[in-house]
Amino acid sequence: MKKLLEVKNLRVSFHSYSGEVEAVRGVSFHVNEGESVAIVGESGCGKSVTARTVMGLTQCPPGEIKEGSEIIFDGRDITKFSEKEWQRYRGGDCAIIFQDALAALNPTLTVGHQIEEKLKLHGIKDKKEAYSETVRLLTAVGIPNPEKRYKAYPHEFSGGMRQRIMIAIAIACNPGLLIADEPTTALDVTIQADIIDLIKELVKEHNTAVIMITHDLGVVADMAERIIVMYAGKVVEEGSSEDIFYKTKHPYTRALLNSVPRLDLDEEKELEFIEGAPPDMTDPPKGCAFAGRCPYCMEICTKEEPPCYEFNEGHTAHCWKYHEYAEGLFGEVEE
Amino acid sequence: MARLISEINKAALNRELFRRITREKVNQDIGPERTTWQNLKAVFLSNKAALCCLIILVIIIIASLCAPLSPYDPDEMDLVNKMAAPSAEHILGTDEMGRDELTRVLYGGRVSLLVGVLSMLVSVIVGVFLGTVSGYCGGKTDVILMRIVDMFQSVPSLLLIIVIYSIVPPTMTTLVFMLAMFSWPSVARIVRAQTLTVKERDYVLAAKTLGVSHHIIIIKHIIPNMTSQIIVAASLAIANAILDESTLSFLGYGVQLPKSSWGSMLQGAQQWMLYDPLLALVPGIFILLTVLCFNIIGDALQQALDPKLN
Amino acid sequence: MDRGEIKDKERTKDKEEVKDREKILEVKHLKKYFKQSGKSVLKAVDDVSFDVYKGETVGIVGESGCGKTTCARTCIGMYPATSGEVIYKGKDISKLRGAEKRSFTKEVQIIFQDPYSSLDPKMRVGDIICEGLRAHKMCKSKEEYNKRAVELLEMVGLNPEHANRYVHEFSGGQRQRIGIARALAVEPDFVVCDEPISALDVSIQAQIVNLLSKLKREKELTFMFIAHDLSMVKYVSDRIIVMYLGTIAEITDSKSLYSDPKHPYTKALLSAIPIPDPKVEKERERIKLQGELPSPTDPPKGCRFINRCKFAKEICAREMPQLREVEKGHSVACHLYDEQI
């Protein structure tokens, strides 16, 4: 399979009054053509910053993409793009769906106008063609009465419908990569399920690659082929959906999975929880960032950065637990 | 089964390091404490304009307070030396009666600043009280108070003050109240708008469910959460009061002779404007600097007192 | 005995059992309407009746706009009811006056959803926690207040040295702990938790839920737990009320809610909740809801769920289904179960 996007050693910092916030600290991953990848992590772990940097939406300053970071999309390094190339890339090659659709849509323009605008920017000049394409898109994302709703303003739609319109705008130019930044966090569960289904369907139809950013492992269980777990600006574990859910290797991923009660199981045990809070990113800890909250913490974890281990094809985790010297210390851990 | 795929510094490793350690105490670090005073310092140090203004204002205030130390009497005429140019003896020269200009400007500063600060205090106290009551109570109280505010704001204030001064004798006290009378409505309006948003916040609801009484909610929650707005309103009120006082004195309705204020000095200087522009320039610059400083410092204080911005 | 008689007998037996448990809160035909601009009236809560027993945790779930927060807030007197009664420990809360009213405000507390907006940014943490104590003059001296503040901070797992800090220095989870300490400071009996975890991170959510259930056990509290996250509600609650558009769709204990949901809306809601297990998730079949949530200013006549229900019958459009017990401790408001009664 061909790699569509490759991120190598991405480091992004933000400069604020209280010092430099190291939001992303050396993240590497890739997305194949037509593949669904999920980036999972808690707020402040750098997942959104990663996605926005890939989209070219990180404002510099206060942001700074550090030297040595590479983002290669379809063979071109996008960090070296000119403003014109950026315009073609954003929306044309790569599109994004935000969490808050109401804030992302212009309240003073009709939704039809906003979709057409996007089409015009990316090649469709003919008015009639743009109109019929817009109606087709509205139908595709499941808006009832598209001809009538074409003239409606964003506030006339419900939250779920607005998110559908965002999706229509995002897929308007058949992007190769779709980034969905917490697309369902602000929505109710029944609507969330509809939106996820819609994204899944559209992506399959057009063979679009997706990066799904979320904090909810449940949302991606069924959708993502590969899952990347981030913590404190770094990737801690990466693997196929099955690997992550059934052969969990990193203590953080395990804790994340166990801290959510399962609706389908009747268990009376206390919820497992992770003590403490994520570290302050203005002064990230030495060694493993999770060490202070990890039940398997060793001295080495607070001193040296954990190395990367591969367990089977594509399943990797950054943890000292799997070093030969640690063998036997955690006998109970392996299932 | 685990295969190492990243580089590792083997030299730094030994079995000793793979000792299990108990987790440190729950991560409760919340950073060092920053007091309001430290915030103020940080804001003024980072905001150079505000720092300059603060220094200038402090110099003006101290100089005004120290005015009696001047070797000259502000009212003593010395007709031999009238309209003297700046010299070593008279740093800013003398006026048309031969009085030392610097001494007069400093004495005038005492009056102008005092009138400004006092009328600001009166208008802020009245404005905050009526504004919070109006916003918090709502309903009829709100309607009545706000119509009164509208009334005050729709009257040409200078004209009315001049009319009132034909009945009331113009003294410092009446001047302060006169100026406050027309500046409290704008304070009240700002405060009321802010009260309306603060009273809907969850922490006010929480205080209500805890059984906290209304006056404590107003004192402890509502007023502290609009200090920044009140400070901006106050700095504007001081500046406006100094300007209005100058205008009134210039028109001859402010501070009465022989006492001088910046405004009355301007008035005295107007007939000599072409002959000796310095006479008008000196009080004018003092007014400009003071008003500008109060406005800029007000902005800086707002930034320092808002914890979310820090 | 024929079947009817057996059923009758079972029902009386159930009633006796229920009688043993003390009701702390009785809600009877509660309605709460909000007047909106123009003539429209928002029917946030429309004819809701339920009981809360002492020592249990009642969960209220439903999607945004279903009236769950309004219902809970009306129950504790934050909003005056439009009609209907809320009876707390045998007394109608709208008729409480003087000392009774003061003790009601002490016994009933709320933990807010947003740990950022529910704490006054201009107050020190110690003062926030002691606010209720001061309002009810529960301590005699300044030292005693400080001592209580230290105890309360320790109780919720915060460092007592931080009592004179301001809240903006704390993280979301720590702020929610402060909110909990404030609510529990006045030693309430009945606590409404209004989505206390939905604004927090996953790893922090479990901390807060565990803290709440620990405190509930220690202090013998009664909880009303509002959330839109069904899995967490199921985990913490004894009984669950499912609300839809201002009305109650179903009340049941938390176990049979998942194993045996009755109302078509509950079924759809449950099937929409993602399960963090790819194999289970792939096999599950989702019940899709047709159409959109109607506006609460103009709810459909008859059953509120009619425009999205696959099983809608002619009677559903005519008559609003009443909440009826179809099994022991399991009530549902749906015409599909008419014959079972």
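Numbered from 1 within each chain, the chains take letters A, B, ... in sequence-line order.
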K.L.:
Return the CG to CZ distance between C:Leu119 and B:Arg201, rounded to the nearest 0.5 Å.
P.N.:
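Going from CG on C:Leu119 over to CZ on B:Arg201, the span is 13.0 Å.
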K.L.:
Checking C:Val108 against chain B: side chain, backbone, both or neither under 4.5 Å from a heavy atom?
P.N.:
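The answer is the backbone of C:Val108.
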K.L.:
Looking only at non-hydrogen atoms, find the nearest pair between C:Ala135 and B:Gly211 and report the distance.
P.N.:
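Of all heavy-atom pairs spanning C:Ala135 and B:Gly211, the closest is CB-O, 3.7 Å.
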K.L.:
Would you mind reporting whether B:Leu205 and C:Phe112 have side-chain heavy atoms less than 4.5 Å apart?
P.N.:
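They are in side-chain contact.
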K.L.:
Report which part of C:Arg182 has an atom under 4.5 Å of a heavy atom belonging to chain B: side chain, backbone, both, or neither.
P.N.:
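Both backbone and side chain.
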K.L.:
When heavy-atom pairs shorter than 4.5 Å are enumerated against chain B, which of C:Gly77, C:Pro188, C:Ala183, C:Ser118 gives the highest number?
P.N.:
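The answer is C:Ser118.
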K.L.:
In this structure, are over 12 heavy atoms from other groups packed under 6.0 Å from B:Phe129 atom CZ?
P.N.:
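Atom CZ in B:Phe129 is not packed in, count stays at 12 or less.
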K.L.:
Identify which of B:Thr227, B:Val198, B:Asn225 forms the greatest number of heavy-atom pairs closer than 4.5 Å to chain C.
P.N.:
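Top option by heavy-atom pairs under 4.5 Å: B:Asn225.
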K.L.:
Inspect the surroundings of CD in C:Glu161 and state if more than 12 heavy atoms from other residues, nucleotides or ligands are less than 6.0 Å away.
P.N.:
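For C:Glu161, atom CD is not crowded (no more than 12 foreign heavy atoms under 6.0 Å).
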K.L.:
Relative to chain C, which segment of B:Ser213 carries a heavy atom at a distance below 4.5 Å: side chain, backbone, both, or neither?
P.N.:
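For B:Ser213, no heavy atom lies under 4.5 Å from chain C.
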K.L.:
How long is the straight-line distance from CE of C:Met78 back to NZ of B:Lys208, given to the nearest 0.5 Å?
P.N.:
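The distance works out to 8.5 Å.
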K.L.:
Check the surroundings of atom CD in C:Glu220: do more than 12 heavy atoms from other residues, nucleotides or ligands lie under 6.0 Å from it?
P.N.:
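Not buried by this count: 12 neighbours or fewer within 6.0 Å.
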K.L.:
Using the rule side-chain contact (heavy atoms from CB on, under 4.5 Å), only one of C:Glu131, C:Lys106, C:His136 pairs with B:Leu210; which is it?
P.N.:
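Exactly one option meets the side-chain contact (heavy atoms from CB on, under 4.5 Å) with B:Leu210, and it is C:Glu131.
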K.L.:
What heavy-atom pair brings C:Ser117 and B:Tyr203 nearest, and what distance separates the two atoms?
P.N.:
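Where C:Ser117 meets B:Tyr203 most closely, the heavy atoms are O-CD2, 3.1 Å.
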K.L.:
Take B:His221 and C:Met123, measure what side chain to side chain contact (heavy atoms under 4.5 Å, CB included) needs, and give me the verdict at the end.
P.N.:
CA-CA 8 Å; B:His221 292 292; C:Met123 274 171 92; 3.2 Å; yes
